[in-house]
Amino acid sequence: MILNLTGKKAQIACGLLCCCSMAYAQSNDNSEVVLLHTGWEFSQAGTELWRTAEVPGTVHQDLIHHKLLPSPFYGMNEQKIQWVENEDWEYRTSFTVTMEQLERDDAQLIFEGLDTYADVYLNGSLLLKSDNMFVGYSLPVKPQLRLGENLLHIYFHSPIRQTLPQYASNGFNYPADNDHHEKHLSVFSRKAPYSYGWDWGIRMVTSGIWRPVKIRFYDAASINDYHIKQLSLTEHSAELSNELEINNILPQSIQAEIRINYSFEKGEETVISRSVTLQPGLNSIHIPSEVLSPVRWMPNGWGKPALYDFSAQVVFDGKVVAEQSHRIGLRTVRLVNEKDADGESFYFEVNGIPMFAKGANYIPQDALLPSVTTERYQTLFRDIKEANMNVVRIWGGGTYEDDRFYDLADENGILVWQDFMFACTPYPSDPTFLKRVEEEACYNIRRLRNHPSLAMWCGNNEILEALKYWGYQKKYTPEIYQEMMSGYDKLFRELLPAKVKELDADRFYIHSSPYLANWGRPESWGIGDSHNWGVWYGQKPFESLDTDLPRFMSEFGFQSFPEMKTIATFAAPEDYQIESEVMNAHQKSSIGNALIRTYMERDYIVPEKFEDFVYVGLVLQGQGMRHGLEAHRRNRPYCMGTLYWQLNDSWPVVSWSSIDYYGNWKALHYQAKRAFAPIHINPIQRNDSLCVYLLSDRLDTLEKMTLEMKVIDFEGKKISKPMLLKSLSVPANTSQCVYRTKLDVLLSSTKRPLSEELLHCFMLLTLKDKSGHVVDETVYFFAKTKDLLLPETTISYKMKQTDGECELTLLSPVLAKDVFIEVPLQGARFSDNFFDLLPGERKTILITSPQIKKGEELPLTVKHIRETYN
């Protein structure tokens with residue numbers, strides 16, 4: 001049973017640290033779980049001025065709520081909040097314990113997340129001195145509990161002042177340049193690195209109770225850990241081992257029954273029962289089980305992510321005294337990282353089949369982590385799935401995600417590449433630091449290993465690359481540099497792989513991403529995964545992505561501003577200039593907003609109006625990144641994955657994201673959805689020829705397909721006779737060129753010279769199945785947008801509105817390129833956007849938002865590229 005206690009103050013305390021999974025949810029056992037999330041107060045240490053607090057939460061959120069901090073995201077306010085990180089903060093609450101609760105055999109105080117240096121006191125007893133944001137704590141507290149009111153007090157030390165003595169004695173400043181402070185203190189703390197600033201992130205170094213707190217009253221025994229280990233999987237059966245760690249808290253051995261219950265999709269339940277003797281203390285119990293005719297968990301696009309519900313119960317004295325449940329998937333996932341004729345492969349093999357990875361890199365969804373609601377998680381995974389992705393990489397500068405993230409990945413068939421939380425700088429490797437990391441690895445591996453979506457572990461992001469190629473050999477003495485290299489080996493080649501092998505042996509581990517390939521070293525591109533920053537930091541053209549090919553692209557990206565309604569949340573009209581003080585404050589990349597203009601000048605006519613510049617920049621990002629996504633898919637099986645940087649934002653900012661902070665899809669997300677379609681048409685010009693590829697990620701071969709290709713001018717006139725390829729076969733999991741011709745042959749019947757004609761027309765490519773259903777459609781232009789002779793036009797539209805949605809039908813007599821529909825509703829969803837409206841085409845778009853009301857006018861603007869010309 002779960003109770004919500006309210007009171008004037010609030011909460012409870014602790015004893016021993018347990019580095020194991022704390023998946024206590026509402027269950028059918030005899031325990032009583034009390035959520036301690038109401039009645040909290042906080043105070044700046046030394047002031048004795050107490051105010052109401054939200055738990056889970058952070059001190060920044062509480063200060064904002066009481067109007068003691070300005071909105072951190074607005075204008076230049078980031079500078080005004082930095083004082084918070086230098087102060088200590090206190091939180092307190094009280095809760096009531098009944099005689100019935102005190103008569104239970106034991107009580108556990110459970111903290112799922114304390115950020116970061118926290119002393120926990122209960123009724124005058126110091127229970128815990130926490131020092132790791134990434135670890136949960138379960139503390140036996142029965143001896144400290146009192147009948148009636150109990151006082152829980154948590155003292156948070158400033159993460160800055162706490163680490164200053166370590167910095168002072170270190171003798172050098174770590175090269176953690178994303179830490180936006182002259183003293184790089186972030187490396188000393190096991191705390192989300194991005195909170196200290198990043199090249200897309202605000203600096204907001206938080207403190208607080210950032211995940212739930214609860215107290216559990218129970219009898220006899222608890223299940224500390226439950227791992228459903230898959231031993232083998234065939235079409236006929238899945239052999240499993242139910243591995244339990246059970247703590248008998250009684251002073252004598254007891255006879256108990258262990259029940260394993262499992263079912264598929266909430267169907268008929270199978271029960272396995274075993275009688276066991278539980279000795280006092282920890283007991284390791286292994287119970288085999290078999291699932292006959294198993295239904296496999298499949299990634300998005302390949303089938304259903306089938307899930308089985310498993311629970312383990314401890315029955316003592318006729319009562320279920322402990323229970324823990326998990327949803328699992330039966331599947332095999334292997335990272336194939338082997339030497340071959342081209343260098344070294346890097347791809348996921350799922351259920352024995354090579355899978356092309358389509359996805360993005362994920363950062364924390366908010367600078368204030370407790371602000372991320374279940375609804376935001378659900379919306380994010382809807383965005384991921386709708387964009388035809390099958391992989392998301394949890395990048396190593398953020399956090400190990402909330403359980404809700406992995407549950408949704410399981411349910412939506414999204415494989416998770418999981419970094420450990422280390423990024424872009426060497427870290428200490430002293431015994432205390434290593435001990436913290438070991439506890440963190442133990443806790444999170446155990447917490448996450450039952451998830452079928454979890455595909456692999458990666459030690460860090462770019463640290464080996466940094467050590468070898470970012471100039472540290474010149475910046476530091478040989479002794480310090482060697483200390484860094486030695487520390488790298490201790491952390492990423494010894495400690496972390498040992499913990500993965502011990503606790504999650506069936507999953508692949510790599511020590512760094514990338515571990516060899518770099519965009520500046522062509523000889524390395526054939527080996528493993530790559531981070532290609534030749535586009536953006538190297539200022540290479542998007543076309544370089546056709547030839548700078550990796551075996552697996554785990555990072556590449558290009559920036560854009562968010563759309564105007566998001567910019568309006570942090571800037572005033574007087575700030576609407578790309579190099580204004582406020583715009584630069586919301587641009588954390590070292591190159592800045594000017595580089596967007598540099599790239600825009602290559603491919604587009606640069607508008608004068610700021611609002612038009614923002615729009616064209618969104619189009620630029622989307623089209624440029626799509627070019628890379630298609631290049632990677634086109635070059636399979638040499639290249640077997642593309643994860644762009646980055647999926648989302650943690651605040652309203654100029655960044656590489658495809659979804660902005662408020663959940664608005666940028667052009668990039670629509671283009672990723674198109675480029676990641678299960679069957680996709682990909683035309684590409686090579687010198688004086690056009691090649692048309694068909695890309696398939698499906699598991700079945702499609703027969704008797706028809707590809708129709710029409711060359712049409714911008715007014716809608718067909719330039720030449722349509723080409724029809726009939727009875728095409730599209731083999732499963734392939735990329736193939738199905739058509740190739742020289743451009744002068746393609747347009748041989750035109751009256752204009754070829755070079756001129758190419759600026760007046762486009763090709764419409766439509767793939768249909770044998771029943772005539774459109775499988776994919778692509779519009780292809782033969783020249784850069786700035787060179788196209790686009791016609792002037794006004795798009796007419798009709799609207800039909802009901803509560804929650806608006807149906808918008810658009811029409812243009814001539815081509816309208818890169819049409820953008822904008823409404824002033826954050827997070828509004830569009831069935832399509834940033835598309836080409838063809839001559840005479842009547843296109844219907846569905847806009848959905850709870851803020852849309854029948855009878856209330858929905859303000860909207862519709863713009864296209866030609867309208868931005870001066």
Side-chain angles (χ1 to χ4, degrees), residues 72-79 82 175-182 194 196-204 361 363 367 397 423-424 462 470-471 519-520 531-542 544 555-564 566-625 644-646 648-658 660-661 666-668:
F73 299 160
Y74 189 81
M76 306 292 292
N77 285 351
E78 180 182 1
Q79 300 170 3
Q82 299 308 312
D177 293 338
N178 286 304
D179 183 335
H180 296 162
H181 192 284
E182 61 178 350
Y194 85 108
Y196 293 81
W198 216 265
D199 61 0
W200 39 259
I202 186 174
R203 181 182 176 94
M204 191 148 35
N361 287 264
I363 66 169
C424 299
E462 295 184 353
W470 292 4
W519 62 271
H531 293 190
N532 187 344
W533 288 103
V535 170
W536 190 257
Y537 282 112
Q539 301 192 37
K540 285 187 169 187
F542 290 113
S544 68
E555 275 191 28
F556 80 112
F558 188 84
Q559 280 198 355
S560 71
F561 285 76
E563 62 180 277
M564 286 306 303
T566 294
I567 291 174
T569 67
F570 65 78
E574 55 266 30
D575 303 315
Y576 291 175
Q577 304 169 49
I578 66 169
E579 294 297 344
S580 72
E581 194 176 31
V582 169
M583 292 305 155
N584 281 324
H586 286 72
Q587 165 59 272
K588 301 299 184 179
S589 171
S590 58
I591 295 178
N593 295 331
L595 188 59
I596 297 174
R597 184 184 184 94
T598 298
Y599 271 85
M600 193 180 294
E601 287 170 346
R602 297 176 185 175
D603 292 346
Y604 295 85
I605 294 173
V606 180
E608 289 185 359
K609 280 181 63 180
F610 176 78
E611 291 85 349
D612 288 343
F613 182 91
V614 167
Y615 154 61
V616 176
L618 287 162
V619 172
L620 166 70
Q621 180 198 32
Q623 296 284 6
M625 289 295 292
Y644 64 81
W645 186 270
Q646 66 205 60
N648 58 306
D649 281 330
S650 61
W651 69 310
V653 65
V654 186
S655 82
W656 297 270
S657 71
S658 65
D660 77 19
Y661 175 72
K666 296 182 179 180
L668 170 53

Problem set entry | Derivation and outcome, side chain to side chain contact (heavy atoms under 4.5 Å, CB included), residues Trp198 and Ser650 | CA-CA 11 Å; Trp198 216 265; Ser650 61; over 6 Å; no
For this session: In sequence, state the C-alpha distance, the side-chain angles, and the governing distance for Val582 and Phe570, and then conclude on side chain to side chain contact (heavy atoms under 4.5 Å, CB included).
Result: CA-CA 8 Å; Val582 169; Phe570 65 78; 4.1 Å; yes
Exercise. Who are the ring pair (Phe, Tyr, Trp, His ring centres under 6.0 Å) partners of Phe558, not counting sequence neighbours?
Worked result: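 With sequence neighbours excluded, Phe558 shows a ring pair (Phe, Tyr, Trp, His ring centres under 6.0 Å) to Trp536, Phe542, Tyr599, given in chain and number order.
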Quick check: closest heavy atoms across [X] and [Y], and the distance to 0.1 Å?
X      : Y      : value
Pro607 : Asp612 : CB-CB, 3.5 Å
Ile567 : Met583 : CG2-CE, 3.5 Å
Ser655 : Lys666 : O-NZ, 3.4 Å
His180 : Gly197 : ND1-CA, 3.7 Å
His586 : Gly75  : CE1-O, 3.0 Å
Ser560 : Val654 : O-CG1, 3.5 Å

N/O donor-acceptor pair under 3.5 Å between [X] side chain and [Y] backbone:
X      : Y      : result
Gln621 : Trp656 : yes
Asp575 : Glu581 : no
Asn361 : Gln646 : no
Asn532 : Phe556 : no
Glu78  : Arg203 : yes

For this session: Go through the steps to decide whether Leu618 and Phe561 satisfy the test side chain to side chain contact (heavy atoms under 4.5 Å, CB included), and finish with yes or no.
Result: CA-CA 7 Å; Leu618 287 162; Phe561 285 76; 5.9 Å; no
[atom1] of [X] to [atom2] of [Y]: how many Å apart, nearest 0.5 Å?
X      : Y      : atom1 : atom2 : answer
Ile591 : Gln559 : CD1   : CD    : 9.0 Å
Tyr604 : Leu620 : OH    : CG    : 6.0 Å
Leu595 : Ile578 : CG    : CD1   : 10.5 Å
Met600 : Ile605 : CE    : CD1   : 12.0 Å

For this session: Would you tell me whether Ser658 and Tyr644 have side-chain atoms, one donor and one acceptor, within less than 3.5 Å of each other?
Result: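 Per modelled atom types, Ser658 and Tyr644 side chains form a pair under 3.5 Å.
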Problem set entry | Side chains of Ser657 and Asp649, donor plus acceptor under 3.5 Å |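 Yes, Asp649 and Ser657 have a side-chain donor paired with an acceptor closer than 3.5 Å.
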For this session: Please tell me if the side chains of Asp177 and Trp470 come closer than 4.5 Å, counting only heavy atoms from C-beta onward.
Result: no
Exercise. So, do Phe610 and Met564 sit near enough that their side-chain heavy atoms are less than 4.5 Å apart?
Worked result: yes
For this session: State whether Glu579 and Arg597 are salt-bridged, where the test is any N-O pair (Lys NZ or Arg NE/NH1/NH2 against Asp/Glu carboxylate O) under 4.0 Å.
Result: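 Salt bridge: no.
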Exercise. Going by the angle between their ring planes, with limits at 30° and 60°, are Phe73 and Trp651 parallel, tilted or perpendicular?
Worked result: tilted
Exercise. Hey, what's the ring geometry for Trp200 with Trp645, parallel, tilted or perpendicular (30° and 60° as the breaks)?
Worked result: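 Trp200 and Trp645: tilted rings.
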Problem set entry | Crowding at CD, Glu574 (>12 non-hydrogen neighbours, <6.0 Å) | yes
Exercise. Yes or no on side chain to side chain contact (heavy atoms under 4.5 Å, CB included) for Asn593 and Phe613, after CA distance, side-chain angles and deciding distance?
Worked result: CA-CA 11 Å; Asn593 295 331; Phe613 182 91; over 6 Å; no
For this session: With sequence neighbours excluded, tell me which residues meet side chain to side chain donor-acceptor pair (under 3.5 Å) with Lys540.
Result: Asp548
